[in-house]
Amino acid sequence: MLRKSLAIVLLVAFLIVAGSAALAAEKFREVPLELIQLMEKQFHQVWTPAGPSGEEVRGAGDLELTAEEIEKAKSLDLGQYYFMGASLDMTETLNRFGMNKVLASIGKPEISFMGSNSIADQIDQVTTLAGKADEIGFVVAQAWEAVTLGPSFVELAKAGVPQLHNWTTPAGLENEEYYVGLVDADGYGQGAAAAEILAYAMGYKGEVGLIYFALEQWTNVMRLKGAEDTFAKYPDIKVVGKAGFTDPSQSFDLAIGLLQKYPEIDAMWGTWMMGVATGAAEAVLSLGRLGEVVVAAPDLGGKAGAQYIADPENPIIGAAETDCIEMGENSVNAAIKWYLGNTDIAQGYFVSRVYPVVKANLVDVYNKTNLEAIGELPQDVLDLLD
């Protein structure tokens, strides 16, 4: 808490100086590079206090394979291994790239992806895997929701299948022998960073609407808390409305509802970029409120998200990206260490840092977190930044 308090004092001191000049003719201030650089230093440390069961926060350094471990891993028979997710969206694409980097380093085939469209789909998949547990080396899963899926993943663990989870730990799994750990982003930091970007743009006054994920998923619980705590610091900012979704495609309608119910809203925070923040942005544009409402999200969303931030005709002004490639590396590194008998990492909580993103540092953060997996930003995006 002392570290956070000091960071906040430094941030506020900077903003008092930066805000002493008159506001531009536009309603919102463009977030300057100097502010983002200060925020980057603050978010170099993880702000999420602990895992969902109080686990100590640990980083990628705890999971790096030694040269000796890499050589031993080359001779492991890992059988079949799977990455369970939804639609192989941008976050999952980056995660999988990181997983395959580690697998390639030990001479193993790429990980198979198992997509699903619902909680019911994923339950069926887990049940199928449990039925052939002796063929499965390990599973990395992004559970749709922690509570409903808990019994299925516990059954899989009791069948002897080692599991890593991204974003949230299914209920009841935390003490199972075959639960290797939770790999996450700094959800609290992501939520807070996106909120700080909006707060600065607003001049630290005005009304905010929040669109959040209504299912029990740890990283999104932390994102929402980080945003709410950040906005609560500023007495002239009021969160006037919150709307929860279970399907990101609901976000447009939810944003329309908030904007119509609270016509004085100045900013909207969405719990991730694609579908959520973009849905809010579409709502702003459909109501003819470009320039009156700004939007930010706790993740970037690859090239598409970068284009939204770069485009002056889009209300999305910023994001809080994490290194999802590193998350993928963490997942497979943890599985390998577990196979090699490293019990220190068992049932751990491994977290990647946050990079605040606005126009001023968009290319730099994109290159740090996306370039390796999906290539350079298109020229038309770069042109929007000129």
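Throughout, residue positions are numbered sequentially from 1 according to the sequence presented. Owing to the predicted nature of the structure, the values given are computational and were not obtained by experimental measurement. When reading the values below, keep in mind they use all heavy atoms of this one structure, side chains included, and skip hydrogens, waters and symmetry mates.
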Does a donor on one side chain and an acceptor on the other come within less than 3.5 Å for [X] and [Y]?
{"X": "Asp247", "Y": "Ser249", "result": "yes"}
{"X": "Asp186", "Y": "Thr48", "result": "yes"}
{"X": "Tyr349", "Y": "Asp184", "result": "yes"}

For [X] and [Y], which heavy atoms make the closest approach, and how far apart are they?
{"X": "Lys132", "Y": "Tyr82", "value": "NZ-OH, 3.2 Å"}
{"X": "Gly302", "Y": "Tyr366", "value": "C-CE1, 4.2 Å"}
{"X": "Ala296", "Y": "Ala194", "value": "CB-O, 3.8 Å"}
{"X": "Gly318", "Y": "Ile197", "value": "CA-CG2, 4.3 Å"}
{"X": "Gln190", "Y": "Ala185", "value": "OE1-CB, 3.5 Å"}
{"X": "Val294", "Y": "Leu198", "value": "CG2-CD2, 3.8 Å"}

Are any non-hydrogen side-chain atoms of [X] and [Y] less than 4.5 angstrom apart?
{"X": "Asn361", "Y": "Gln37", "value": "no"}
{"X": "Pro298", "Y": "Trp269", "value": "yes"}
{"X": "Met90", "Y": "Met274", "value": "no"}
{"X": "Tyr81", "Y": "Lys108", "value": "yes"}
{"X": "Lys72", "Y": "Glu68", "value": "yes"}
{"X": "Ile345", "Y": "Arg58", "value": "yes"}
{"X": "Pro162", "Y": "Val180", "value": "yes"}
{"X": "Ile336", "Y": "Leu63", "value": "no"}

[X] side, atom [atom1]; [Y] side, atom [atom2] - distance, nearest 0.5 Å:
{"X": "Glu69", "Y": "Leu340", "atom1": "CD", "atom2": "CG", "value": "6.0 Å"}
{"X": "Ile325", "Y": "Glu372", "atom1": "CD1", "atom2": "CD", "value": "5.0 Å"}
{"X": "Asp323", "Y": "Asn95", "atom1": "CG", "atom2": "CG", "value": "10.0 Å"}
{"X": "Met327", "Y": "Met99", "atom1": "CE", "atom2": "CE", "value": "8.0 Å"}
{"X": "Ile106", "Y": "Asn333", "atom1": "CD1", "atom2": "CG", "value": "9.0 Å"}
{"X": "Asn314", "Y": "Ile309", "atom1": "CG", "atom2": "CD1", "value": "9.0 Å"}

With a 3.5 Å distance limit and no angle check, can you tell me whether [X] reaches the backbone of [Y] through a side-chain donor-acceptor pair?
{"X": "Asp229", "Y": "Gly226", "result": "no"}
{"X": "Thr93", "Y": "Leu88", "result": "yes"}
{"X": "Lys225", "Y": "Ala192", "result": "no"}
{"X": "Glu55", "Y": "Ser53", "result": "yes"}
{"X": "Glu321", "Y": "Tyr355", "result": "no"}
{"X": "Tyr212", "Y": "Leu224", "result": "no"}

Given Lys27 and Asp266, is the salt bridge (Lys or Arg N to Asp or Glu O under 4.0 Å) satisfied, shown in steps?
CA-CA 9 Å; Lys27 179 178 179 180; Asp266 302 286; 2.6 Å; yes

Got a salt bridge between [X] and [Y], using NZ or NE/NH1/NH2 to carboxylate O under 4.0 Å?
{"X": "Lys233", "Y": "Glu196", "value": "yes"}
{"X": "Asp299", "Y": "Arg223", "value": "no"}
{"X": "Lys74", "Y": "Glu71", "value": "yes"}
{"X": "Asp364", "Y": "Lys368", "value": "yes"}
{"X": "Glu176", "Y": "Lys158", "value": "yes"}

Pairs flagged by ring-ring contact (aromatic ring centres under 6.0 Å, His included) wherever [range] is involved - sequence neighbours left out:
{"range": "residues 98-126", "value": "Phe83-Phe113"}
{"range": "residues 236-259", "value": "Phe213-Phe245, Phe245-Trp272"}
{"range": "residues 280-339", "value": "Tyr178-Trp338"}

Above 12 or not: heavy atoms from other molecules or residues under 6.0 Å from [atom1] of [X]?
{"X": "Glu264", "atom1": "CD", "answer": "no"}
{"X": "Lys238", "atom1": "NZ", "answer": "no"}
{"X": "Lys261", "atom1": "NZ", "answer": "no"}

Is there a side chain to side chain contact (heavy atoms under 4.5 Å, CB included) between Leu287 and Glu292 once you walk through the steps?
CA-CA 10 Å; Leu287 294 175; Glu292 298 176 15; over 6 Å; no

Would Thr168 and Glu216 count as a side chain to side chain contact (heavy atoms under 4.5 Å, CB included) if you check the C-alpha gap in whole Å, the side-chain angles of each, and the deciding distance to 0.1 Å?
CA-CA 8 Å; Thr168 198; Glu216 184 67 24; 5.6 Å; no

When you look at Gln163 and Leu156, which way does the side chain to side chain contact (heavy atoms under 4.5 Å, CB included) test go after all the steps?
CA-CA 9 Å; Gln163 298 170 48; Leu156 187 65; 3.6 Å; yes

Shared hydrophobic cluster, Val161 / Tyr179 (ILVMFWY, side-chain heavy atoms < 4.5 Å)
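Yes: a chain of side-chain contacts under 4.5 Å links Val161 to Tyr179.
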
Within 45° cone of Tyr200 ring axis and under 6.0 Å: Arg29 NZ or CZ:
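Yes, a cation-pi geometry.
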
Side-chain donor-acceptor contacts of residues 139-154 below 3.5 Å, not counting sequence neighbours, with atom names and distances?
| unit_1 | atom_1 | unit_2 | atom_2 | d |
| --- | --- | --- | --- | --- |
| Gln142 | OE1 | Asn166 | ND2 | 3.3 |
| Gln142 | OE1 | Trp167 | NE1 | 3.2 |
| Gln142 | NE2 | Glu92 | OE2 | 3.0 |
| Trp144 | NE1 | Ser116 | OG | 2.9 |
| Glu145 | OE1 | Val147 | N | 3.3 |
| Glu145 | OE1 | Thr148 | N | 2.6 |
| Glu145 | OE1 | Thr148 | OG1 | 2.9 |
| Glu145 | OE2 | Val147 | N | 3.3 |

Consider side-chain contact (heavy atoms from CB on, under 4.5 Å). Of Thr91, Leu362, Leu94, which one does Leu300 pass it with?
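Option passing the side-chain contact (heavy atoms from CB on, under 4.5 Å) with Leu300: Leu362.
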
Review item, side-chain donor-acceptor pairs of residues 378-386, under 3.5 Å, at least two apart:
| unit_1 | atom_1 | unit_2 | atom_2 | d |
| --- | --- | --- | --- | --- |
| Gln379 | NE2 | Asp383 | OD1 | 2.8 |

Side chain to side chain contact (heavy atoms under 4.5 Å, CB included), that's the test. Do Arg96 and Ile111 meet it? Break it down for me.
CA-CA 8 Å; Arg96 188 168 183 248; Ile111 195 165; 3.9 Å; yes

For Thr343, check side-chain hydrogen bond (donor to acceptor under 3.5 Å, both in side chains) against everything at least two apart and list the hits.
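Thr343 satisfies side-chain hydrogen bond (donor to acceptor under 3.5 Å, both in side chains) with no other residue.
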
